[in-house]
Amino acid sequence: MLGHILGRLGQALAVMLVMSALVFVGVYAIGNPIDVLIGPDVSQDIRLDTIARYGLDQPLYRQYFTFLGRILHGDFGRSFVFGMPVLELILSRLPATLELTLAAVFGAAIIGIPAGIYAGYRPDGLAARAIMTISILGFSVPTFWIGLVLIIAFAVELQWLPAGGRGDTFAVFGVGWSFLTANGLSHLLLPAANLAFFKLALMTRLARAGTREAMLSDTVKFARAAGLSEWTVLRRHVLRLIAIPLVTVFGLEFASTLAFAVVTETIFSWPGIGKLIIDSITSLDRPVMVAYLMLVSFVFIMINFLVDLAYVGLDPRLRRAGSR
Amino acid sequence: MSQMSSAREVSPAARFWAEFRESKVAVAALVVVVLMLGVAIFAPLVAPQNPYDLANLVLMDARRPPGYVGTAGYTHILGTDAQGRDLFSAILYGLRISLQMGLIAGSLAFAVGVTLGIGAAYVGGRWEAFIMRVIDLQLAFPAILLALVLSALLGQGKVQLIAALAAAQYAYFARTAHGAASAERGKDYVEAVLSTPLPAWRVVVKHIFPNCLPPLIVVATVQVASAIALEATLSFLGVGLPVTEPSLGMLISNGFQYMLSGRYWISIYPGIALIVLIVAINLVGDRIRDQVNPRLKR
Amino acid sequence: MSGSTQPLLEVSDLATYFHARAGVVKAVDGVSFSLKRGEVMGLVGESGSGKSITGFSIIGLIDQPGRIEHGSIKLEGRELVGLPPAELRAIRGKAISMVFQDPMMTLNPMLTIGAQIGLALEAHENVSGAERRQRSIAALAQVRIPDPETKIDFYPHQFSGGMRQRVAIAIALLHRPRLIICDEPTTALDVSIQAEILAEMKELVAELGTALIWISHDLATVASIADHVCVMRYGRIVEAGPVLDVLTRPQHPYTQGLLDSLPSRAKPGALLARGAGTDAAPPPRLPRQAESGKRSADLPYVVIENVGKRFQRKSGVLRLLGQKLGVAGPLPLVQAVDAVSLSIARGEALGLVGESGSGKSTLGRMVAGIYAPDSGHVLLDGEHVMSGGERPHKITTRIQTIFQDPFASLNPRMRIGDSISEGPLAHGLVSRAEAGAYVAQWLAAVGLDPAFAGRYPHQFSGGQRQRVAIARALAMQPDVVVCDEPVASLDVSIQAQIINLLIRLRQELGLTLLFISHDLSVVRHLCDRVAIMHRGRIVESGPAGEVYDNPRDAYTKRLLAAVPVLPVA
């Protein structure tokens, strides 16, 4: 059991190392950062001096090891554009994105899973058809388009909710959170709904597919033959049978929602890391890109690790294999 | 359990189609997809105007609402955009570019992914474990981020974007192909041809691959639809196609700034075209998914 | 207590139809019978006869698009047809319960045995936590699960198939129902487990006074448990009566035919009475390039020497890396086949008998050159079938295989004619021009219309597909045929036809057979010699009559004793 967890952890670390190399080499290939750092009219001396100061004259592998060493000390370098330490920059933006993502994923799960189970339980009913039609739309319509429509409808036409920004925040442990103030909550609502729409569709479809299959299984037939009520069958049997794919998707989608926040943050001017990365890509702000990608990879790998642990908790067959 | 009811030969494909046809929604969606494909291919013949021939553009016609009769003497049924282009024509041309990107990127991803997936399943052992581990890892990484980084890395352009889209999507094909091929690999009919024996390539090409097709078709529909959406998103974010290749995503993006001033049509109509296309493709895919799921067969 | 004259269950003119898109399927069409308290009734029929649907109709579990069209089901005089769902639910598990065929599928893999028994308890009673546990343990003890106090916290995957079926029976008996319906409860189990479950079930229902409907395709198991039997065909009961009467003096021609299809009732090697067909002669043997027959005929033709095969569980790259670095230990190997030596003379049929997991199929695949053995070797006519992982094609084409599942052994996307001609074409046995005529000859030889060559597998029934699979194997002009459970998934009447076909073709073509089966009676009927396999080893082998009549090995004795026998008139 412990060996299983340690093995997974080691695997996660190895993957992280590979990712760091990929990210470093990949980003290294983009443009020439020197042109961003200094103007074209400075003297050759200053130019060479700057190159040496940033270590850009070293061979690639040397630069990579220097980079690794610095990262281990929490030093991701300074942003070319903002002129401040990247770690500080990203950490200052991270809570906004985290808040948005969590609100979207949990919202999607709380609405999507029950809706999907219902649609799978009565697949031919009118409500199920309605749920599936909406989910097809949510699955198909691009996030940015829904964002536009939400702004037009609720911010411009109805003027119920603000179109952008984070609104008032309330500080807990020195970090500001929007959902703790009424004004902040009103700012959070539209972008979170926008981000949640796709996930909502996905979770609905997944829960429906799993429930439909489970309802036709011998396990459910046997439970019914033993006289269990429909509610007990759904709550105790079906929910357990479909839990594993749902947890997987919940975990993986949390990661991908973090990435999709790029789009939503751009549309709603949400001051998170998604907007930061788009800006840094257009301005070739290399340290920010590297740090962002490393951070996202780290989050993915941690989530994958947690999903693996959740499997062991959920699936008794794995639990036993792990303890051997 | 099938009976010898008919004397005719019924190919699996014909049986598949007969079953598909039972869903009216799916057939309607298929008709929509084919229609849109048709008008996209024949856009130069269908469109009243070549929107990218500067000689056709009259500034006086810019930002006119739907139904406006322009200087050229015909009705702009969907209005005109900021440069005075006929929006209907621009949408047809945009559809052409969007579909082109989706189909080419999808086919490329299909070819690479299926080769890797079936190859891994057939070879087995360490290679299989290694390839699938890498693919699993990539699947955990969201496609949009990968496409975003790659298109930033490769620069703007059609070829670059196709490469970025395909790189972000091949893993889904590989995963599906691997799963299907592993299942087929263990079936008796494959063991039967192995015991004949037949050469390995023949087993893979004539026996395993055709039987992996149904789930792959489902993935293909989803992936083409999502490639089109992804391309639109990237173009919307300004890291997709160059301005010389105005896809539907770019039309929406261009019209966005006029939306707040009430000239909704410049952005809304290309958006509707995009959504109808993607929804139709996904409806077709959904039907096929239900058809190929053996666990839903009673 | 109601009067003893009233039957417990009275089914009259029951009709359950399925409204499929192709039309109405009359799965059960006018079935009537009645059952007294504590009576055991067998419901027998081939697949599609409606026997399972009858069971599901009684317990009120007919899913869409099926429904009970008309008729009545009365439990102690109370009409069940048309009861509201809530009232039906109150009866299910309490007055009537059911056990299903596949114990691997019926229990929820995610819940402990205790939790599942607890849920079934709570469905009809209010019980406290401590009482629930204590009663669950008692329920397990009742079905003879050893150490129930510990086993209650196990998950289904920690149990064998037989144990899982016992748990399912425990759940079904929980509320002491007046009727329990068992739908092919031992079909998925090995014969020795089947014998245990049959014996236990018989005792339990007698002890509890529960009436039992035992649904099965197997006349012999029904004979060993039931008092009465109903024989079903096409949704109707064709014959009913006391078991002994029906099985020894069948009145209906269908029942007679079923009994005549059983190899256990026929003289070994003789054509079965029910499966006679009018098949054409196979095409003449083609000359082979390989110089067969250079050795003397009395030397063994196929030699299996010290053959072993281990399987390793799947492991990932990092695990392999970990093993290299010494961090992770190797996964345990499963020894599927352990140093097996056997020989088959030219023209002989050797039966390889074993229960599931005995390694018999793995051994068959090594003989056919599909798997390479880890140790030892297989020789055909003095030449290696597989050496160093390579298949010398000339040798392997001389050994062909017929598989168990006719639904899986043909490529669903290939016309059957192409499936048959593919191998011969690839190996140059026939030219492209001759292929059509060659396929036609083989289709005729296995009793199929040569005009069917252009059809796809889904257009054929299971028995017909098995004929195609036989034609495909024989069209390669093999000297040796490995038959891996070729009749196991077929109904008895179809099974009889395929057995007859194999007997005839073997004679006409002078084939050498390795016949793998779990079914002792089929092996006895078809084979000259028999080898009994258990846990990867051959425990006993010899001439079929000798092994069956005077088994020496303890395992063989147990196996033979476990086979249910039909009463003889």
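When reading the values below, keep in mind they use all heavy atoms of this one structure, side chains included, and skip hydrogens, waters and symmetry mates. As the structure is a prediction and not an experimental result, all values here were calculated from the model.
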Winner by heavy-atom pair count (cut-off under 4.5 Å) against chain A, out of Gly93(C), Pro177(C), Ala172(C):
Gly93(C)

Just by distance, do the side chain of Thr204(A) and the backbone of Ile131(A) share a donor-acceptor pair under 3.5 Å?
no

Segment of Ala86(C) engaging chain A (4.5 angstrom heavy-atom cut-off):
neither

Using side chain to side chain donor-acceptor pair (under 3.5 Å) as the criterion, list what pairs up with Ser256(A), not counting sequence neighbours.
Lys199(A), Glu253(A)

For the CG atom on Leu126(A), are there more than 12 heavy atoms of other groups (residues, nucleotides or ligands in this structure) within a distance under 6.0 Å?
no

Could you check whether Arg78(C) pairs with Glu87(C) (Lys NZ or Arg NE/NH1/NH2 to Asp/Glu carboxylate O, under 4.0 Å)?
yes

Tell me the residues of residues 222-235 of chain A whose non-hydrogen atoms fall below 4.5 Å from those of chain C, in number order.
Phe222(A), Arg224(A), Ala225(A), Ala226(A), Gly227(A), Leu228(A), Ser229(A), Thr232(A)

Given heavy-atom pairs under 4.5 angstrom as the criterion, report whether the side chain, backbone, both or neither of Gln116(C) touches chain A.
side chain

Taking the six-membered ring for Trp, are Phe197(A) and Phe139(A) ring centroids under 6.0 Å apart?
no

Step by step, work out the side chain to side chain contact (heavy atoms under 4.5 Å, CB included) result for Leu107(C) and Thr219(A).
CA-CA 5 Å; Leu107(C) 299 177; Thr219(A) 303; over 6 Å; no

For a side chain to side chain contact (heavy atoms under 4.5 Å, CB included) check, start with the C-alpha distance between Phe18(C) and Val24(C), then their side-chain angles and the critical distance, and finish with the verdict.
CA-CA 6 Å; Phe18(C) 284 78; Val24(C) 179; over 6 Å; no

Just give me the residue among Gly60(C), Pro109(C), Ala120(C), Pro85(C) that pairs up with chain A most often, heavy atom to heavy atom, under 4.5 Å.
Pro109(C)

Structural part of Ile59(C) lying under 4.5 Å from a heavy atom of chain A
side chain

Report, as yes or no, whether the 6.0 Å neighbourhood of atom CZ on Phe106(A) holds more than 12 heavy atoms from other residues, nucleotides or ligands.
no

Identify which of Ile171(C), Asp102(C), Leu61(C), Leu119(C) forms the greatest number of heavy-atom pairs closer than 4.5 Å to chain A.
Leu119(C)

Do Phe56(C) and Phe100(C) make the cut of ring centroids closer than 6.0 angstrom?
yes

Considering only heavy atoms, which portion of Ile96(C) lies under 4.5 Å from any heavy atom of chain A: side chain, backbone, both, or neither?
backbone

Against chain A, work out which of Arg89(C), Met105(C), Lys94(C) has the most heavy-atom pairs shorter than 4.5 Å and name it.
Arg89(C)

Could you go through the side chain to side chain contact (heavy atoms under 4.5 Å, CB included) check for Thr16(C) and Thr54(C) one step at a time?
CA-CA 8 Å; Thr16(C) 306; Thr54(C) 304; over 6 Å; no

